Amino acid sequence: MNTDLYPWQTSLWQSLAGRSQQAHAYLLHGPAGSGKRALAECFAAFLLCKAPVQQRACGQCSACKLYAADTHPDLVRLEPEEEGKGILIASVRELVSKILQTSQQGGRKVVIVEPAEAMTIGSANALLKSLEEPAGSTVFLLISHQFSFLLPTIKSRCVLQVCPLPSTEDSVQWLQQQRPELSAEQCQTVLALASGSPLNAQKLLDADVLALREQVVAGVKQLFKQQSSPSDLAQAWAKIPQELLFDWFCQWAQLMLRYKVTEDETQLGLPDMRVVLKHVASRAALTALLETQDWLLEHRQKVLRRVPLRADLLLESLLLRWQALLPR
Ligand SMILES: [Zn+2]
């Protein structure tokens, strides 16, 4: 297990590790891709370590070695059995009985709950008593990307620690250190595509997002010039993740609607599509834009929920709608 912190987490770390007395439960919350997991891992290692050095886990003691091998018996993780699903009440009950036993290494026990919003009302209620009066010296670390979804009773039992995204400047600097082959401008583009999260930007780069974006933007331009048909493009884009395509088209629809209302040219998003969006927005009917946006949002939800749909047909109908925005 990795216990490195990101450079933007120094003061966050200080507010956790620098406490004179540790609380029973912490809730680390903030936008996805801000590094909450790394913070929780580092904190868990620190809480379990037998001889911390300068407010960090020593990396040498028996607890640190067990932690590094991900076999520490007093570290328990509570997660959904399947990504995107809820945390089951049975899993919570199992956890509660585990933390009632004495710690095997004679120190603290640490429970990481991620994501905390995946707990159903029943699961959350089953955990409440343990959160309030933890057995022995158990410390709960709850991670949440969607703070507003959590029950007030859960929030009120935890020390709340907000984990914000780093500033754009810090993000670009960090991204450039990770990917020295990229220009500052490319880093800014990927960061914008990743809604400001440098960690998500890195994942997008792994998926070769810059090349994909270029391909899609070129395709959209060809579509409007009638150099490509919706079905040609749907085939050409078959291997591009649909989440990505729907994200982009939803953003473009939103930008066009905003332009239609405000005529503010500075609010047209990334430079690669500004001219196209402005051109289409000024010619398309407002009702057509609104209908297209509704359709996109509805189908984006289906894509995110992995509703089985024929990918080629879905893309083709998206592109037919898109093409129809420009009156002939
Ligand atoms: Zn240690």
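Every number for a ligand or one of its atoms is a count from 1 in the order of the listing. Just so we're clear, the structure is a prediction, and the values are computed from it rather than from any experiment.
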Is [Y] paired with [X] through a side-chain N to carboxylate O contact shorter than 4.0 Å?
X      : Y      : answer
Glu114 : Arg77  : no
Lys85  : Glu81  : no
Lys278 : Asp264 : no

Check your understanding: Do any protein N, O or S atoms sit under 2.8 Å from the Zn ion (ligand 1), and which ones are they?
Key ->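 As for protein N, O or S atoms lying under 2.8 Å from the Zn ion (ligand 1), they are Cys49 SG, Cys58 SG, Cys61 SG, Cys64 SG.
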
Review point. Do Leu314 and Val303 have side-chain heavy atoms sitting under 4.5 Å apart?
Key: yes

Review point. Do Tyr26 and Arg19 have a side chain donor and acceptor closer than 3.5 Å?
Key: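 Arg19 and Tyr26 do have a side-chain donor-acceptor pair below 3.5 Å.
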
**Study point:** Side-chain donor-acceptor pair present, Glu316, Ser231, cut-off under 3.5 Å
**Key:**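 Absent: no donor and acceptor within the cut-off.
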
